[in-house]
Amino acid sequence: MTDAKTASSFEEGLKGASEKVAEFHEEKSQLKRLQHWLHQTPSAVPMIVLMVALLVFGVLAENFFKAGTLSVILQQIAIVGILGCAQTIVILTAGIDLSVGAIAVFSSVLMGQATFRYGVPAEIAIVIGLILGTAMGAVNGLLIAKMKLPPFIATLGTWQILLAANFIFSANETIRSSDIAATAPALQFWGGSIQPGGIKILYAVFLMIALVAIMSYVLRSTAWGRHVYATGDDPQAAELAGVPTGKVLIQVYALAGFFCAVAGWVMIGRFGSVSPTASTGQLGNIQSITAVVIGGISLFGGRGSIVGMFFGALIVGVFEMGLRLVGTDPQWTFFLIGVLIIFAVAVDQWIRKVAS
Amino acid sequence: MTDAKTASSFEEGLKGASEKVAEFHEEKSQLKRLQHWLHQTPSAVPMIVLMVALLVFGVLAENFFKAGTLSVILQQIAIVGILGCAQTIVILTAGIDLSVGAIAVFSSVLMGQATFRYGVPAEIAIVIGLILGTAMGAVNGLLIAKMKLPPFIATLGTWQILLAANFIFSANETIRSSDIAATAPALQFWGGSIQPGGIKILYAVFLMIALVAIMSYVLRSTAWGRHVYATGDDPQAAELAGVPTGKVLIQVYALAGFFCAVAGWVMIGRFGSVSPTASTGQLGNIQSITAVVIGGISLFGGRGSIVGMFFGALIVGVFEMGLRLVGTDPQWTFFLIGVLIIFAVAVDQWIRKVAS
Amino acid sequence: MEPLLKGTNLVKRYGKVTALDHCDFDLYPGEILAVIGDNGAGKSTLIKAISGAVIPDEGEIMLEGKPIRFSTPIEARAAGIETVYQTLAMSPALSIADNMFMGRELRAPGLMGSVFRKLDRPRMEKFAREKLNELGLMTIQNINQAVETLSGGQRQGVAVARAAAFGSKVVILDEPTAALGVKESRRVLELIRDVRSRGIPIILISHNMPHVFEVADRIHIHRLGKRLCVIKPGDYSMSDAVAFMTGAKLPEGVAEPA
Amino acid sequence: MEPLLKGTNLVKRYGKVTALDHCDFDLYPGEILAVIGDNGAGKSTLIKAISGAVIPDEGEIMLEGKPIRFSTPIEARAAGIETVYQTLAMSPALSIADNMFMGRELRAPGLMGSVFRKLDRPRMEKFAREKLNELGLMTIQNINQAVETLSGGQRQGVAVARAAAFGSKVVILDEPTAALGVKESRRVLELIRDVRSRGIPIILISHNMPHVFEVADRIHIHRLGKRLCVIKPGDYSMSDAVAFMTGAKLPEGVAEPA
Amino acid sequence: QTSACLITKTDTNPFFVKMKEGAEAKAAELGVTLKSYAGRIDGDHESQVAAVEACVADGAKGILIAASDTKAIVDSVAAARAAGVLVIALDTPLDPIDAADVTFATDNFQAGLLIGQWANATLGADAANAKIALLDLSIAQPSVDVLRDQGFLQGMGIDLADPNKWGDETDPRIVGNEVTSGNEEGGLKAMEALLAKDPDINVVYTINEPSAAGAFEALKAAGKENVLIVSVDGGCPGVQDVKDGVIGATSQQYPLQMAALGVAAIAQFAADGTKPAPTEGKAFFDTGVALITDKPVDGVESIDTTKGMELCWG
Ligand SMILES: Nc1ncnc2c1ncn2[C@@H]1O[C@H](COP(=O)(O)OP(=O)(O)OP(=O)(O)O)[C@@H](O)[C@H]1O
Ligand SMILES: Nc1ncnc2c1ncn2[C@@H]1O[C@H](COP(=O)(O)OP(=O)(O)OP(=O)(O)O)[C@@H](O)[C@H]1O
Ligand SMILES: [Mg+2]
Ligand SMILES: [Mg+2]
């Protein structure tokens with residue numbers, strides 16, 4: 001017992017130890033503040049890139065800066081934006097969802113066929129579609145959380161499965177717009193628009209913005225949102241710290257499935273018809289991932305904000321429309337979009353580096 | 001000074017401390033050994049899945065267990081296997097290369113057009129193609145290592161760029177097989193075959209197997225290979241421990257580009273013609289990633305073996321061929337391959353769990 | 001008195017390595033139980049088995065006389081067992097306050113909290129700051145700093161503060177002072193006493209003999225994957241304890257396994 | 001005598017946090033220099049600045065009188081500065097031997113080595129095992145175990161063994177004994193003396209006062225991001241050192257900054 | 001300055017590449033500004049909708065569109081027409097056909113029918129126990145894919161089951177359907193697989209000439225160079241392949257003509273507001289399809305490869 005006392009004898013030096021909280025003087029220059037703000041706000045950089053893109057195309061293409069053009073850009077990114085919400089929450093958990101597009105298309109086909117093949121009232125068909133889309137997402141979640149499949153491979157599998165099921169189930173049949181308008185206008189709801197001052201803005205655009213806003217709140221200011229970040233950040237640590245990571249993953253993928261189904265419903269409104277061959281089924285995953293990554297969200301999970309994804313989707317939309325108006329040939333458009341993807345993210349990285 | 005002595009006085013208890021190395025008795029049952037082996041050999045599980053698949057299809061489809069069918073499977077996976085070598089080293093560094101297929105197709109177009117449009121001798125055209133393919137890979141590496149772009153986004157960009165460049169440069173022109181055979185047979189070299197006992201085996205198949213074997217050795221038994229694993233495992237730690245991670249990344253992507261260019265050359269031999277629209281440009285990335293992941297290599301880097309990738313490619317090849325022979329409709333084949341991808345990886349995970 | 005927490009015959013193997021080799025374990029109500037042993041003796045594995053972070057291959061664990069079988073740390077937490085792991089278990093990109101309240105976040109009062117499930121950030125931050133101040137971690141300049149930007153010792157402090165603040169039945173600390181400075185270590189020891197005075201027993205793993213002998217009521221000596229013996233700090237000197245745990249001496253009535 | 005390694009006016013800021021605040025630093029040939037200070041005082045940042053792991057915003061570093069500016073730890077290693085970081089810097093999935101030789105692998109003799117660049121696994125494993133035995137890490141059962149499967153203390157031991165085996169000009173140890181047991185800590189202290197007896201100076205960061213006072217030739221006391229003073233262990237007591245570093249007392253001739 | 005848009009299904013298929021070249025040449029001649037757009041993959045109507053919207057935003061006078069999904073595109077076409085843009089369907093009629101102002105198209109079903117009839121007649125009595133491989137485009141089964149396949153089967157006298165879908169036929173002569181993405185690589189792999197399934201295949205239908213060339217490579221490797229291959233398109237390499245005996249017969253279409261007619265119609269419309277009229281007796285302006293073969297058979301009208309080479313489009 002005696003040496004215990006002695007051993008700690010040097011701790012007598014602690015008496016009167018300073019209780020001051022460390023504080024250092026800070027440089028308050030404008031530049032420093034800007035840098036700090038850039039550093040703190042993950043969606044700031046994509047926003048700046050977006051501004052620059054708008055300016056450049058505004059100068060290059062004469063018809064670009066018309067309200068009509070800008071509203072068309074918004075309606076063109078509505079679907080990618082909604083799929084991007086799904087992709088964002090998945091990527092925040094360090095996952096990836098290759099099946100988003102397939103779920104969207106299959107859900108839209110399910111809604112359409114439920115109405116036209118099985119005669120279900122449109123409103124109920126929509127609910128069925130949303131439930132089934134959510135279920136498809138939940139299956140992804142189960143495969144990933146319970147069977148421990150890597151998200152890439154699980155959703156690669158379900159992507160193929162759902163896409164094939166979509167073709168098989170629909171018998172490759174497109175349901176025409178005029179039929180839908182006549183029998184089941186509820187399916188086309190999101191294609192409706194308001195026209196303030198003659199500029200058409202689709203309901204779908206408002207829906208996308210609302211979803212981004214809601215998810216931004218949920219991710220930032222609720223416990224569930226924090227759990228999503230923690231799960232993506234370090235799943236083992238999160239589990240040890242008391243986050244039910246398995247449950248969170250299943251919920252995340254199911255919610256993503258729900259968003260995809262919503263996107264499927266929006267697709268009907270936007271295109272009028274229900275088509276199983278919609279390219280979203282094939283390309284929706286890459287498009288949504290592009291938006292997410294340009295938006296500054298880390299593919300390794302745990303970092304980034306959904307607002308960034310929204311700007312990311314807008315950047316792509318602006319580039320595509322701008323290049324079209326400038327009159328670039330399609331292959332050159334693909335080429336330039338490739339360049340611009342790299343450029344946008346390189347600028348992002350560079351600003352972060354300078355600001356850190 | 002005095003309390004220093006006292007403080008450590010309890011260390012006297014150390015005198016005569018046991019120097020025994022801890023040893024516990026081990027259960028030596030067959031089952032335990034099997035489990036241990038499965039655990040130690042990352043490519044064992046895909047191999048077992050492969051065996052089972054072979055057996056199942058052998059029973060289901062009568063034409064399956066013919067030497068001819070098996071050699072066709074091998075030749076069908078030759079290109080994916082070579083792209084898989086590229087993808088494996090990239091994924092081991094926790095990266096991903098979406099541009100593999102585009103590099104392969106563009107390289108084959110470059111080789112073909114150098115010969116036919118610019119009249120370069122075929123052998124030199126091949127060297128040019130290989131060098132340019134390596135350069136394309138190196139650009140990926142520079143973007144990732146120097147500009148710190150996430151690999152997914154960097155190669156997503158170069159994928160689009162290279163594919164578009166491929167179409168623009170080639171003017172969508174296909175060089176016909178008979179022209180190549182007449183003027184530049186070196187381009188078709190890998191399409192040659194040996195025919196022991198009437199069974200045709202392409203040189204391309206031997207090339208793929210040789211590449212897998214060489215890379216397996218390099219990754220396991222050289223310092224560079226260890227550095228690749230360390231870079232993927234924890235890049236910060238590797239950097240602090242003295243691995244030049246930036247250099248390693250550039251080398252890895254450049255080597256991957258080289259392999260892709262080799263795959264491009266093999267494509268000419270295999271398809272006879274040079275076509276810019278080859279599906280490998282669009283699908284080569286997903287196909288090679290699938291092989292890698294089914295082969296048990298972690299997408300988070302640092303874990304797995306290239307031999308697993310080889311089995312992964314074979315599994316997909318066997319499934320595809322088997323399903324066709326069973327007579328499945330293409331849409332259902334697509335569906336079932338999705339199911340089987342999930343199933344193969346689920347079995348892998350399950351065996352690992354049971355064995356650990 | 002019945003042990004509050006009791007483990008019998010616990011075994012855990014990792015491939016070729018046997019980390020726990022038929023190990024027993026007892027914790028009595030209201031005590032501070034120190035666990036000491038060589039590096040790699042299996043101490044961390046033992047407490048992981050107790051807290052649900054690993055599932056033992058064999059053996060039984062009883063809490064308050066009832067057999068328990070946690071399959072996740074969340075279940076153990078729900079049962080009131082709070083643990084600071086050696087690896088700390090924090091989400092690097094999240095803030096100190098987020099980490100402290102991970103899994104038991106506070107919601108804002110009123111509608112915002114109940115309907116919109118809004119977090120009560122100010123309250124969480126205030127609480128976090130208080131707990132850190134109690135530990136004397138004055139150098140933390142910004143409570144919203146991401147945990148990855150903290151120094152090694154600061155991180156340790158956050159983890160300890162979290163466990164002490166929320167443990168209701170058992171608090172387990174795996175080398176809580178390893179990375180801490182003199183001042184901060186002292187505060188942790190005070191905190192440990194404090195927790196005990198609230199009637200909550202503590203399991204303390206530490207390599208710091210003076211600390212162990214200062215605060216422990218009983219010392220569990222772990223050697224080669226099992227409990228070698230349990231001693232009272234009053235009965236033996238530090239030197240004896242060190243001799244036991246390193247195999248230099250054998251306690252009376254215990255035979256070194258073959 | 002000229003300092004072997006000298007830092008002047010080093011500044012490093014992380015966003016709002018100033019980790020190094022015009023800090024000076026000297027290391028003389030052949031000495032053991034201890035660096036002590038509160039958690040978060042900036043000790044790790046200081047040695048990271050010296051070893052190339054972070055690039056200081058301001059200030060200058062000189063090695064053997066020549067200004068140096070490492071931009072990566074590899075350059076520092078090439079210059080003979082070997083560091084054990086607090087985070088250990090190991091590749092979890094690779095084996096102990098792989099980790100010890102990371103970046104300076106041994107090649108097999110003959111053609112296999114020179115042409116085929118084959119690693120000399122047996123020699124690397126033998127060397128690793130020897131170095132670990134020197135540290136008394138006897139509980140490591142399998143030298144081909146992945147580092148992620150080692151206990152916290154075992155990992156620490158591997159990192160220390162690596163630095164001691166390869167350092168040629170300066171060896172820097174950031175809390176090398178934090179996770180180590182009594183026996184293993186003692187071995188590390190012996191190893192430190194051993195390294196010095198080879199003429200190589202050592203920078204030792206530690207919170208363990210008895211250890212510091214036992215082995216250090218000089219003690220650099222770090223407070224609030226800068227060097228407060230340097231003392232000799234013979235001139236002051238541990239209590240004084242603790243008082244200085246926590247701000248309880250001020251050393252003579254030094255004024256606490258405003 | 002009149003501006004016009006050309007929207008093709010993809011811009012990697014040589015067919016559409018040539019269509020674009022034809023349109024550009026005509027546009028340059030007439031002083032029309034032409035902007036081109038394309039879907040990314042076969043069946044991609046979404047990019048086409050986006051392109052239509054861009055054209056309207058850009059104030060184009062007319063749009064030439066080769067629709068990827070004949071029904072799905074209808075709403076956006078209607079919107080464009082409502083904005084005063086002349087919409088001309090190229091290559092593929094919309095559904096309903098009057099959704100576009102006018103249609104300059106090939107009858108893809110007819111194209112398939114011709115090669116089916118030719119194959120049937122060439123085989124003669126053997127047609128009853130032919131072994132047929134069908135190399136289609138993609139599992140999404142876009143309308144060209146279905147029309148050509150079903151036309152071919154009709155020509156062979158095989159029951160179509162659902163004519164809106166390939167692959168549901170039960171005729172024992174069909175060895176199987178495979179998808180090719182319409183390129184050499186796909187044609188080769190698909191042919192290899194079908195040969196493994198049944199080495200006795202003697203008739204191969206292919207969606208287009210590149211996939212036919214791929215299929216031929218596989219057949220050659222298997223030592224079966226005498227198999228009857230039929231295809232659709234009539235590009236110059238394809239006609240050359242017919243000449244070389246690689247392909248037995250192909251149905252030729254005229255994309256350059258479609259495009260040139262389309263551009264001219266837009267220029268006309270911009271000048272005086274008149275719209276072109278469809279072919280007599282048809283709902284659309286048929287640009288025609290011709291069977292090309294050097295082995296003509298009775299009862300199926302055809303032209304030889306010399307004539308085919310003159311008419312081929314690149
Ligand atoms: N996940 C794992 N896989 C394989 N072996 C493991 C694993 N975790 C621990 N071990 C081994 O089990 C043994 C006990 O480890 P444990 O972490 O319990 O030791 P410890 O007593 O806590 O040591 P320390 O004091 O160094 O923290 C060690 O030999 C270690 O290498
Ligand atoms: N990457 C970073 N980003 C932001 N702040 C950082 C970062 N790294 C360190 N800091 C801050 O710098 C200060 C000094 O940290 P450092 O790790 O140097 O302390 P230390 O003296 O080594 O402490 P300990 O004894 O606990 O290891 C701390 O306040 C810490 O929060
Ligand atoms: Mg431990
Ligand atoms: Mg430190």
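Lettering of chains follows the sequences in order, A, B, ..., and the numbering in each one begins at 1.
For A:L143, the part sitting under 4.5 Å from any heavy atom of chain B is the side chain, from C-beta outward, and nothing else. Both the backbone and the side chain of A:A346 come within less than 4.5 Å of a heavy atom of chain B. For A:T333, no part sits under 4.5 Å from any heavy atom of chain B, backbone or side chain. Looking at A:F343, there are no atoms closer than 4.5 Å to chain B (heavy atoms on both sides), in backbone or side chain. For A:I289, the part sitting under 4.5 Å from any heavy atom of chain B is the side chain, from C-beta outward, and nothing else.
Contact residues of residues 164-173 of chain B toward chain A are B:A164, B:A165, B:F167, B:I168 (heavy-atom distance under 4.5 Å).
Looking only at side-chain heavy atoms (C-beta outward), B:F152 and A:V345 stay at 4.5 Å or farther from each other. Annotation: side chain of B:L156 is not in contact with side chain of A:I342 (no heavy-atom distance under 4.5 Å).
Qualifying ring pair (Phe, Tyr, Trp, His ring centres under 6.0 Å) partners for A:F335, counting only residues two or more places apart in sequence or in other chains: A:W332.
Taking OG1 of B:T290 as the reference point, atom CD of A:Q160 lies at 7.0 Å (rounded to 0.5 Å). Note that CD1 of A:I96 and CG of B:L299 are 9.0 Å apart. Values are rounded to the nearest 0.5 Å. Rounding to the nearest 0.5 Å places CD of B:Q282 at 8.0 Å from CG of A:L283.
For chain A, the option among B:L336, B:I153, B:I341 with the highest count of heavy-atom pairs below 4.5 Å is B:I153. Between chain B and the options A:P151, A:G157, A:S298, A:A94, the largest number of non-hydrogen pairs under 4.5 Å is found for A:G157.
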